[in-house]
Amino acid sequence: MLPDSLSPQLAALVEDIPRNGDWIYEIKFDGYRLLARVDGGEVTLFTRDGKDWTAKLPAQADAIRELGLENAWLDGEIVCLDSHDVPNFQLLQKAIHDHRSRDLVYFLFDLPFLNGSDSRQVPLRERRALLEEVLSVTTPGILRYSAPLEQPPQQLLDGACRLAMEGIIGKRIDAPYAGTRSDSWIKLKCRRRQEFVIGGYTEPKGSRKFFGALLLGVYEAGRLRYVGRVGTGFDREVLHATYKQLNALEQAKNPFDHMPPDVRKAEVHWVKPRLVAEISFAEWTDDGLLRQAVFHGLRVDKPATGVQREEAILATRIKVTHPERVIDPAEGLTKLDLVRYYERIADRMLPWLRDRPVYLLRCPEGVLGEHFFQKHTNRTFIPGIKTLDPALDPGHEPLMVIDSVEALAGAAQMGAIELHTCNATADRIERPDCMVFDLDPDPVLPWKKVVDGTRLLRVVLDELGLASFLKTSGGKGLHVVVPLARRHDWDEVSAFSQAVARHLATTLPKHFSAKMGEKNRVGKIFIDYLRNKRQASTVAPWSVRARPRLPVSVPMHWDALDGIIHAGQWTIAALPSLDDDPWKDFGSTRQTLSKAMKKALGID
DNA sequence: TAGCGGA
DNA sequence: TCCGCTAGTACAGTC
DNA sequence: GACTGT
Ligand SMILES: [Mn+2]
Ligand SMILES: [Mn+2]
């Protein structure tokens with residue numbers, strides 16, 4: 001009997017090409033795994049986790065139907081081939097977004113059920129013969145048979161890596177179809193390789209001479225971050241030569257920004273972070289550490305301070321149209337300048353963007369041209385952008401999330417100069433995780449008054465017991481942000497912020513207004529608490545503003561407040577030092593709005 | 001900006 | 001293939 | 001009820 005669902009066989013990750021057994025090899029498709037269920041005339045397409053994608057891929061469903069099978073389960077991968085016939089994941093995402101299923105190719109590689117019989121127990125060799133026969137009635141186009149590659153596996157792997165593909169898949173020709181991860185299917189991944197700074201070494205153990213492992217790091221925002229150790233890849237001679245160089249650089253102080261978690265103080269020697277090592281490794285772990293690092297030599301030609309984590313994403317740099325278009329006539333800044341800024345600032349900015357809806361202020365003709373605000377994906381496709389469950393904003397296209405350099409630069413390519421974020425994360429959208437006070441001064445108010453007013457707001461928040469963080473707006477005023485535990489709902493946070501604004505406007509009516517509108521803030525600062533409404537948003541930290549000179553909203557230390565001379569003081573061309581992060585404690589500050597605070601503000 | 005329909 | 005057209009937020013607050 | 005600022 002034909003099952004309603006089928007769990008696909010997955011490949012186990014292995015390090016080495018197997019020596020025993022009969023294997024066939026295929027390229028590791030850069031696409032989505034797709035299973036097809038045929039029952040009479042009815043075809044359903046399922047993703048690896050069982051989502052029904054039939055409606056997204058009508059051309060493939062039709063093509064399968066035309067095979068005229070009584071019933072079957074077919075297994076394969078849906079891909080989009082680029083102009084060189086190489087599967088390209090980005091093109092695939094775009095084609096699916098655009099509903100262009102005709103441009104996609106469904107490579108089929110297995111046939112676990114056919115015409116009433118369960119072929120999962122028959123050897124792969126026979127299943128593939130059946131599959132080839134089934135597909136012989138159609139000319140290869142939308143459906144193709146994934147023919148095994150003919151060269152020896154090592155050659156295949158080398159070739160795949162040269163083409164920047166992920167690796168290759170091996171399958172045992174005599175094995176049944178396992179509905180789980182199994183070692184009869186293996187994946188051989190391309191190893192990664194880059195340079196790292198040596199920040200220390202450990203004592204040798206046993207018969208090992210000179211040192212045990214090198215402690216490696218990369219620079220991130222001016223600090224050396226530990227990424228793991230490497231203890232293999234050197235012969236005795238290299239070991240000795242490296243040791244001599246390390247010895248000369250020994251110092252008492254740990255050069256990393258944190259103590260490496262996996263080394264004991266007693267066994268470690270720190271060195272000045274000057275030496276650069278070439279390392280290959282299997283992959284980055286989710287914690288940002290190296291897996292299976294191997295030493296390949298010292299690099300004498302590279303300065304250590306330039307060593308950073310190299311992202312595979314850099315290979316897929318987005319295409320910038322009209323790079324020379326001047327988007328800011330005041331300074332002659334171009335669209336390419338904007339894209340480069342966002343690429344450069346991504347590491348700093350992404351933590352404030354990931355996990356929450358982002359809204360774009362798009363200015364395709366630059367800061368002086370018409371602009372519009374975009375909350376939903378609509379027709380725009382930005383490579384790498386994530387979409388949220390449409391249920392978060394019913395009756396609309398999905399909301400967007402940016403969590404990669406690629407998507408950030410892609411947004412800029414789409415003419416998005418400003419990025420605004422929601423005060424809540426997508427997973428708990430009804431519980432804001434911060435409260436924003438947007439200080440909007442009368443434009444003619446002397447700057448000193450703005451600084452004084454901002455300090456007064458801080459004092460009030462301090463007295464309530466709330467820590468707050470400061471940033472420039474990039475426009476006329478400053479922003480003060482209070483991190484919150486995700487406990488209160490929008491109405492509560494909004495009412496609280498309004499009460500704070502009212503309190504200041506009541507006690508210091510010469511300085512503050514709690515009412516919107518130009519007339520209400522003559523000679524004063526309007527404390528805009530309306531940023532705390534459910535559908536409102538605030539310009540994100542590190543966002544550029546769509547104003548002359550392209551100013552940036554920059555996070556600041558409170559004790560730097562007096563040094564600020566203008567809210568638009570920093571621009572994409574002139575940023576403060578990024579060495580330290582003034583908001584580094586933001587994430588660990590979780591505060592609740594207590595009864596006592598509300599009482600102090602007179603909220604019932 | 002880019003998708004679309006029409007020329 | 002080229003060209004012109006068009007969509008793209010949601011509020012509270014103020015007057 | 002229209003208009004405004006964000
Ligand atoms: Mn403002
Ligand atoms: Mn405002």
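When the C1' atom is used for both B:dC4 and C:dG8, the distance is 15 Å, rounded to whole Å. Distance check on atom P: D:dT6 versus C:dA7 gives 26 Å, rounded to whole Å.
For DNA chain B, the span of nucleotides reached by chain A at under 4.0 Å from its heavy atoms goes, 5' to 3', from B:dT1 to B:dG3.
Between A:His97 and A:Phe381, the two ring planes are tilted [angle within 30° to 60°].
Using a 4.0 Å cut-off between a side-chain N of Lys or Arg and a carboxylate O of Asp or Glu, A:Lys375 and A:Glu397 do not qualify as a salt bridge. Ion pair A:Asp433/A:Arg590 not flagged as a salt bridge, since none of the NZ, NE, NH1 or NH2 atoms sits closer than 4.0 Å to an Asp/Glu carboxylate oxygen. In this structure, A:Arg486 pairs ionically with A:Asp427, as a charged nitrogen and a carboxylate oxygen lie closer than 4.0 Å.
Remark: A:Gln535 is in phosphate contact with C:dC11, judged by side-chain N or O atoms under 4.0 Å from OP1 or OP2. Taking side-chain N and O atoms only, A:Tyr529 has no distance below 4.0 Å to OP1 or OP2 of C:dC11.
As rounded to whole Å, 9 Å separates atom C1' of C:dC11 from atom NZ of A:Lys533. Atom CE of A:Met400 is separated from atom C1' of C:dG8 by 10 Å (rounded to the nearest Å).
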Scan the side chains in residues 581-588 of chain A for donor-acceptor partners under 3.5 Å anywhere in the protein, sequence neighbours excluded, and list what turns up.
{"residue": "A:Asp581", "atom": "OD1", "partner": "A:Trp583", "partner atom": "N", "Å": "3.0"}
{"residue": "A:Trp583", "atom": "NE1", "partner": "A:Leu470", "partner atom": "O", "Å": "2.9"}
{"residue": "A:Ser588", "atom": "OG", "partner": "A:Asp585", "partner atom": "O", "Å": "3.2"}

N/O donor to acceptor pairs below 3.5 angstrom from side-chain atoms of residues 555-564 of chain A, sequence neighbours left out:
{"residue": "A:His557", "atom": "NE2", "partner": "A:Asp580", "partner atom": "OD2", "Å": "2.9"}
{"residue": "A:Trp558", "atom": "NE1", "partner": "A:Ser468", "partner atom": "O", "Å": "2.7"}
{"residue": "A:Asp562", "atom": "OD1", "partner": "A:Arg455", "partner atom": "NH2", "Å": "2.4"}

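Pairs of residues two or more places apart, or lying in two chains, that qualify as side-chain hydrogen bond (donor to acceptor under 3.5 Å, both in side chains) and include a residue from residues 378-396 of chain A are A:Gln374-A:Thr380, A:His376-A:Asp393, A:Lys386-A:Asp403.
Across all strands shown, A:His420 has no heavy atoms under 4.0 Å from either base or sugar-phosphate atoms. Heavy atoms of A:Lys476 sit nowhere under 4.0 angstrom from any nucleic acid atom. Across all strands, A:Arg100 comes closer than 4.0 Å to no nucleic acid atom at all (heavy-atom distances).
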>> Go through it in stages, so that I can follow the logic: the residues are A:Phe496 and A:His488, the test is ring pair (Phe, Tyr, Trp, His ring centres under 6.0 Å), and I'd like the CA-CA distance, side-chain angles, deciding distance and then a yes or no.
In response: CA-CA 10 Å; A:Phe496 190 98; A:His488 313 287; 8.1 Å; no

> Taking it one step at a time, do A:Asp438 and A:Val539 satisfy side-chain contact (heavy atoms from CB on, under 4.5 Å)?
Replying inline: CA-CA 10 Å; A:Asp438 166 22; A:Val539 75; over 6 Å; no

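Heavy-atom distances under 4.0 Å link DNA chain B to A:Arg362, A:Pro364 of residues 358-374 of chain A, given in residue order.
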> For nucleotides 1-6 of chain D, read 5' to 3', which letter fits each nucleotide if B means a protein heavy atom sits under 4.0 Å from the base, S means only the sugar-phosphate is that close, and - means neither?
Replying inline: ---BSS

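Here the side chains of A:Tyr529 and A:Arg502 are not in contact, with every heavy-atom distance at 4.5 Å or above.
Of the N and O atoms on the side chains of A:Asn532 and A:Ser497, at least one donor lies less than 3.5 Å from an acceptor on the other residue.
Toward the 5' end of DNA chain C, the nearer of the two residues A:Asn520 and A:Leu530, judged by each one's closest nucleotide, is A:Leu530.
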